[in-house]
Amino acid sequence: MCKNLWNAFTKKERRVFLAAVVVCAGSAVTAGALAFNENSVFIPVAGGIYREGEVGQPVAINPITSANPVDLDVGALLYGKVGDILTSHEMSEKGLQHTIKIREGVRWSNGTPLTSNDIVFTVRAIEEPETRSPLFKKWAGVVVERVSELQVRFTLQTPYAFFPEAIKNLPIIPEHVFGKIPPANLKLSDYNLAPVGSGPYKVHTLEKRRDGFIKEIRLVRNEEYPLPSPFIDEFVFMFFETEEARASAFQKRQIDGMGVSNPGEARKKEVRGAEVTLFPFSRSYALFINEALNPLLKTRGFRQALRDSIDKEALLQTLFNEGLASPLEGPFAALPQSRNTPRMEQGEARALIASRKEAEGTLALNLIVPDVNFLKR
């Protein structure tokens, strides 16, 4: 019957009929796709390999001894923090004593149980001057003691409102690995490049060139990780000697991504084909005044004039992409404006500085900055 109907059409009617069929089919496909998108939820699937490019070299992947950014990046995936296994936190009425309890059954990546002894050992290692830990100032003077296999007590000399956060962010190193090593030798341990941690990943392989330059560190999932397992099967850190070499590797798709923390570097135009994702985090840049080096700096009014003569908005426009930073009026972003020292007009501040320069005959200040391009600018 369909054949007879088709034969009954004229050529013009056949063309119209075919066009109508195509339109109906296209509409059906479009409607189906829209319905699928509206009623579907995309979820991550476990698997795959991610390759991260890093400029520099891992030296000692140990969170309590190294301040090397490369070590910290790799160590963040290998070493867990107290907050990962914290189940309770009790604080005394005056805030001087903090007692925590950790999860039972947690193990290091080599299968050894993780207990309160490891936390006590970590804090005491940080507090040992010979360790030269970058965390020393945060933990100096804190008395730590084992209460039970799962409980630890911290005693402070004075109350500290942010100490609960310090506890959560405390990285843990294993006592059974580092316990017999003298504090001064912790940075020399072979375990710094073959870490035993409690983080989401563990070291699988480490590849070096003949000259000793570490080319890559390949991480795999840590089966002992106490939190949900990460989705990515393998996380590979690939190391480069220069920014240019890393950018070239990205262009050639030898790496999948890279992170930059200096403002101004996170620009799409710097690396073609890059999809830039910005992750906001708390970092402040400030001038710290050493009053002992110049008598003028001991004068409160002169210090205020220095502060108010600086055009912070102009600095932000010069150094940062729009919206990436905001000016602060003090060490705490949440400090009410009424609590801040009254400000001078910029012209008034600069006039005061000029008058002091005229009165003194000369006015010289030394400004010391790290060797970082945008800070020097």
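Bear in mind the structure is a predicted one, so any value in this text is a computation, not a measurement.
- A perpendicular orientation is assigned to the rings of Phe162 and Tyr160, their planes being inclined by more than 60° (bins at 30° and 60°).
- The backbone N or O of Gln254 lies less than 3.5 Å from a partner atom in the side chain of Arg51, making a donor-acceptor pair.
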Please set out all donor-acceptor pairs under 3.5 angstrom arising from side-chain atoms of residues 117-125, sequence neighbours excluded.
from, atom 1, to, atom 2, distance (Å)
Asn117, OD1, Arg146, NE, 2.9
Asp118, OD1, Glu175, N, 2.8
Asp118, OD2, Trp108, NE1, 3.3
Asp118, OD2, Thr115, N, 3.0
Thr122, OG1, Asp118, O, 2.7
Thr122, OG1, Ile173, N, 3.1
Thr122, OG1, Ile173, O, 3.3
Arg124, NH2, Val144, O, 3.0

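- Listed for the Asn192 side chain is a donor-acceptor partner under 3.5 Å among the backbone atoms of Lys187.
- Within a 6.0 Å radius of CG in Asp211, other residues, nucleotides and ligands contribute more than 12 heavy atoms.
- Cation-pi geometry between Arg253 and Phe250 is satisfied (NZ or CZ under 6.0 Å from the ring centre, within 45° of the ring normal).
- Under the 3.5 Å distance criterion, with hydrogens and angles disregarded, a donor-acceptor pair is assigned to the side chains of Tyr50 and Glu52.
- From Asp71, atom CG reaches atom OG1 of Thr65 across 7.5 Å, with rounding to the nearest 0.5 Å.
- The number of heavy atoms from other shown groups lying within 6.0 Å of CD (Glu104) does not exceed 12.
- Annotation: the span from Leu293 atom CG to Asn290 atom CG amounts to 4.0 Å, rounded to 0.5 Å.
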Distance-only criterion, 3.5 Å: show the donor-acceptor pairs between side-chain atoms of residues 86-93 and protein atoms not counting sequence neighbours.
from, atom 1, to, atom 2, distance (Å)
Thr87, OG1, Lys101, O, 2.9
His89, NE2, His98, ND1, 2.9
Ser92, OG, Gly95, N, 3.4
Ser92, OG, Leu96, N, 3.2
Ser92, OG, Gln97, N, 3.0

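- Between Tyr191 and Phe178, the two ring planes are perpendicular [angle over 60°; tilted spans 30° to 60°].
- In Glu149, the CD atom is not crowded: 12 or fewer heavy atoms of neighbouring residues, nucleotides or ligands sit closer than 6.0 Å.
- Follow the hydrophobic side-chain contacts under 4.5 Å out from Phe239 and you reach Leu206 in the same cluster.
- Side-chain contact check for Ser66 and Asn68: no donor-acceptor pair (N or O, by modelled atom type) lies under 3.5 Å.
- We find the NZ-OG1 distance between Lys94 and Thr158 to be 13.0 Å, quoted to the nearest 0.5 Å.
- Under the 4.5 Å side-chain heavy-atom criterion for grouping Ile, Leu, Val, Met, Phe, Trp and Tyr, Phe235 is not connected to Val220 through any hydrophobic cluster.
- Without hydrogens or angle criteria, Asn169 side chain to Glu165 main chain gives a donor-acceptor distance under 3.5 Å.
- Within the model, atoms OG of Ser189 and CD1 of Ile61 stand 11.5 Å from one another, a figure rounded to the nearest 0.5 Å.
- Without hydrogens or angle criteria, Thr299 side chain to Gly301 main chain gives no donor-acceptor distance under 3.5 Å.
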Checking side chain to side chain contact (heavy atoms under 4.5 Å, CB included) for the pair Thr242/Val55: CA distance, chi angles, key distance, verdict? CA-CA 6 Å; Thr242 64; Val55 176; 5.7 Å; no
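- Note: Ser309 OG to Arg350 CZ = 6.0 Å, rounded to the nearest 0.5 Å.
- Note: Ile217 CD1 to Asp73 CG = 11.5 Å, rounded to the nearest 0.5 Å.
- Of the possible polar contacts, none joining the Arg246 side chain to the Phe240 backbone as a donor-acceptor pair under 3.5 Å is found.
- Judged by distance alone, the side chain of Arg103 and the main-chain N or O of Pro226 form a donor-acceptor pair under 3.5 Å.
- Within a 6.0 Å radius of CG in Leu365, more than 12 heavy atoms belonging to other residues, nucleotides or ligands are found.
- Applying the 6.0 Å contact sphere to NZ of Lys376 captures more than 12 heavy atoms from other residues, nucleotides or ligands.
- Side-chain N or O atoms of Thr318 include one that pairs as donor or acceptor with a backbone N or O of Ala314 at under 3.5 Å.
- With Asn222 contributing its side chain and Pro200 its backbone, the two residues share no donor-acceptor pair below 3.5 Å.
- Side-chain contact check for Val203 versus Leu219: some heavy-atom pair is nearer than 4.5 Å.
- Leu227 and Ile85 sit in two unconnected hydrophobic clusters of ILVMFWY residues. Membership requires side-chain heavy atoms under 4.5 Å apart, directly or through other members.
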